[in-house]
**Q** 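Below are the structure tokens for one structure; questions will follow.
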Amino acid sequence: MTLKLGYLLPTRERAMAGLHDTDRILELAELAEEIGLDSVWVGDSVIAKPRHDPIVLLAAIAARTERIALGTGVLVPMLRNPVLLAHQLATLDRISRGRFVFGVGMARDVPAIHAEFAAMGVPFERRVGRMLEGLRLCRALWAGGPVDWDGRWRLEGARLAPEPFTPGGPGIWGGGGVPAALRRCAAHFDGWFPSGRGAGGADWGADWRTLRALAEDAGRDPTEIAGAAYVTVAIDDDPRAAEAELERYLVRYYNLPAGRIRTEEYVFAGDRAAVAGWLAGFAEAGCTHLCVRAIGADGARRMEELAGLRERIG
């Protein structure tokens with residue numbers, strides 16, 4: 001299968017720079033479609049790492065584009081009431097005519113995220129069960145017909161309208177590379193969408209083989225699970241300049257040592273040839289979708305550089 005190449009829109013980066021307008025973000029999404037990228041992605045955070053609301057922003061992008069896929073990279077579903085979330089995403093799936101991919105994540109275990117959960121009135125320690133039940137409820141509502149539910153949320157004969165454009169609702173892609181995350185994805189999700197646990201494609205491939213075996217053990221067809229990755233790259237003709245740019249970015253974005261982030265996420269810096277070779281490692285390992293966070297102030301240039309690497313990546 002041909003590798004699909006996507007671009008993470010810089011919503012957080014613009015908020016960090018004090019740029020709160022949406023015009024440039026929407027223009028970048030339109031440009032991504034024009035130059036032939038396959039998808040655009042938007043991250044999620046309310047107060048821990050403030051940025052534009054991903055659902056509202058993706059609805060605007062869906063209305064201004066026709067072909068390109070749209071995804072959350074990733075949304076933290078536990079911070080939302082699942083009934084409201086199912087309604088919002090069914091509407092977004094309608095607006096996009098089935099182009100939406102629902103990427104979900106667990107949220108990093110750091111003080112800022114704990115504070116965000118507390119502000120939203122959600123227990124951080126119970127987030128796994130809350131996420132899985134909430135997503136099951138979303139799918140029940142997306143299936144059509146009345147829904148009865150007796151759990152964290154209670155529904156009697158609830159019916160959702162509009163129904164999603166995609167029968168049964170948009171595909172749900174789960175992140176994470178630890179054993180528990182692989183088991184969750186193998187048993188419950190439509191795609192695997194990790195942001196890291198290792199140096200690159202070879203490590204991704206090892207976890208991908210484990211996940212596929214787990215899917216078979218769970219009675220699922222592993223070929224029905226999409227293999228994706230969320231990666232960060234810095235591109236510069238001078239590899240040392242690219243490394244320095246990546247180092248500065250990681251420290252500023254995460255407020256953590258860059259060395260720690262390098263062990264927890266897929267990150268790479270180098271010239272075009274080196275970056276293309278590193279990305280190709282994911283394709284060779286079986287990855288079919290890449291969401292690339294190409295760092296740098298000029299989003300259009302980074303996006304065009306990424307599109308230009310497509311043939312080298314494979």
Side-chain angles (χ1 to χ4, degrees), residues 43-46 48 54-55 71-90 92-93 100-110 113-114 116-118 120-156 158 160 163-164 166-197 207-208 210-222 224-230:
D44 177 40
S45 183
V46 183
I55 299 172
T72 48
V74 291
L75 185 137
V76 183
M78 302 81 81
L79 297 179
R80 280 95 173 164
N81 177 287
V83 180
L84 177 59
L85 181 62
H87 188 207
Q88 292 174 314
L89 296 187
L92 174 56
D93 197 53
F100 173 61
V101 178
F102 185 21
V104 301
M106 292 300 303
R108 189 182 294 273
D109 188 358
V110 296
I113 301 296
H114 282 260
E116 182 173 60
F117 271 67
M120 301 296 286
V122 178
F124 184 82
E125 294 75 15
R126 301 175 183 176
R127 68 194 188 283
V128 177
R130 188 180 189 92
M131 179 182 75
L132 293 177
E133 183 184 347
L135 294 177
R136 288 197 302 271
L137 178 51
C138 284
R139 281 176 163 158
L141 289 165
W142 289 336
V147 174
D148 295 321
W149 200 270
D150 186 10
R152 288 178 174 83
W153 304 274
R154 296 194 176 188
L155 290 77
E156 293 184 6
L160 188 71
E163 294 180 6
T166 306
I172 302 176
W173 292 9
V178 299
L182 296 178
R183 288 193 296 271
R184 279 195 299 271
C185 186
H188 302 292
F189 298 148
D190 306 296
W192 182 49
F193 189 33
S195 60
R197 194 179 77 118
D207 284 340
W208 177 233
T210 298
L211 186 145
R212 288 167 65 88
L214 290 169
E216 289 186 339
D217 291 343
R220 298 186 65 193
D221 180 353
E224 295 180 354
I225 302 175
Y230 173 121

**Q** Over all heavy atoms of both residues, which pair between Trp173 and Ala228 is shortest? Give the atoms and the distance, please.
**A** CZ3-CB, 3.5 Å
**Q** Are any side-chain N or O atoms of Glu116 and backbone N or O atoms of Ser45, one a donor and one an acceptor, separated by less than 3.5 Å?
**A**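 No, because the side chain of Glu116 does not come within donor-acceptor range (under 3.5 Å) of the backbone of Ser45.
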**Q** Which heavy atom of Ala48 sits nearest to which heavy atom of Ile113, and what is that distance?
**A**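 Answer, listing the atom of Ala48 first, then Ile113: CB-CD1, 3.6 Å.
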**Q** With sequence neighbours left out, write down each residue that passes side chain to side chain contact (heavy atoms under 4.5 Å, CB included) with Pro82, or none if nothing qualifies.
**A** Leu137, Cys138, Trp153
**Q** Do you know which two heavy atoms are closest between Ala215 and Ile225, and how far apart they sit?
**A** CB-CD1, 3.7 Å
**Q** List the residues meeting side-chain hydrogen bond (donor to acceptor under 3.5 Å, both in side chains) with Glu133, not counting sequence neighbours, and say none if there are none.
**A** Trp149, Arg152
**Q** List in chain and number order the residues that pass side-chain hydrogen bond (donor to acceptor under 3.5 Å, both in side chains) with Arg80, two or more places apart in sequence or in another chain; answer none if no residue qualifies.
**A**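 Asp44.
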**Q** Determine the minimum heavy-atom distance between Leu141 and Leu160, stating which atoms define it.
**A** O-CB, 3.7 Å
**Q** Evaluate the side-chain proximity of Phe100 to Thr72: yes if any heavy-atom separation is below 4.5 Å, no if none is.
**A**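 With C-beta onward as the side chain, the pair touches.
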**Q** Of all the heavy-atom pairs spanning Arg130 and Met78, show the shortest one and how long it is.
**A** NE-O, 3.6 Å
**Q** Supply the atom-to-atom distance Asp217 CG to Arg183 CZ, rounded to the nearest 0.5 angstrom.
**A**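 These two atoms lie 11.5 Å from each other.
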**Q** One pair to check against side-chain contact (heavy atoms from CB on, under 4.5 Å): Leu85 and Ile55. What are the steps and the verdict?
**A** CA-CA 9 Å; Leu85 181 62; Ile55 299 172; 3.7 Å; yes
**Q** Enter the distance from Phe102:CZ to Leu135:CG here, rounded to the nearest 0.5 Å.
**A** 5.5 Å
**Q** Show your reasoning for whether side-chain contact (heavy atoms from CB on, under 4.5 Å) applies to Trp192 and Leu182.
**A** CA-CA 8 Å; Trp192 182 49; Leu182 296 178; 3.6 Å; yes
**Q** Considering only heavy atoms from C-beta outward, does the side chain of Thr210 approach that of Leu214 to under 4.5 Å?
**A**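 Yes; the side chains approach each other to less than 4.5 Å.
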**Q** Within a strict 4.5 Å, meaning less than it, do heavy atoms of the Trp142 and Asp93 side chains meet?
**A** no
**Q** Can you find a heavy atom in the side chain of Arg127 that is under 4.5 Å from one in the side chain of Val122?
**A** no
**Q** Checking Arg139 now: which residues fulfil side-chain hydrogen bond (donor to acceptor under 3.5 Å, both in side chains) with it, not counting sequence neighbours?
**A** Asp190
**Q** With a 4.5 Å cut-off on side-chain heavy atoms, are Asp109 and His114 touching?
**A**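 Yes; the side chains approach each other to less than 4.5 Å.
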**Q** Give, for atom NE2 of His87 and atom CG of Leu84, the distance between the pair rounded to the nearest 0.5 Å.
**A**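 The NE2 atom of His87 sits 8.0 Å away from the CG atom of Leu84.
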**Q** Of all residues at least two apart in sequence or in a different chain, which pass the ring pair (Phe, Tyr, Trp, His ring centres under 6.0 Å) check with His188?
**A**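 So His188 forms no ring pair (Phe, Tyr, Trp, His ring centres under 6.0 Å) with any residue.
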**Q** How would you list, by chain and number, every residue that makes a side-chain hydrogen bond (donor to acceptor under 3.5 Å, both in side chains) with Arg212, sequence neighbours excluded?
**A** none
**Q** Do you know the tightest heavy-atom contact between Arg197 and Pro179?
**A**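 Looking at all heavy atoms of both residues, the shortest contact is NH1-CD, 4.5 Å.
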**Q** Please tell me if the side chains of Cys185 and Leu211 come closer than 4.5 Å, counting only heavy atoms from C-beta onward.
**A** yes
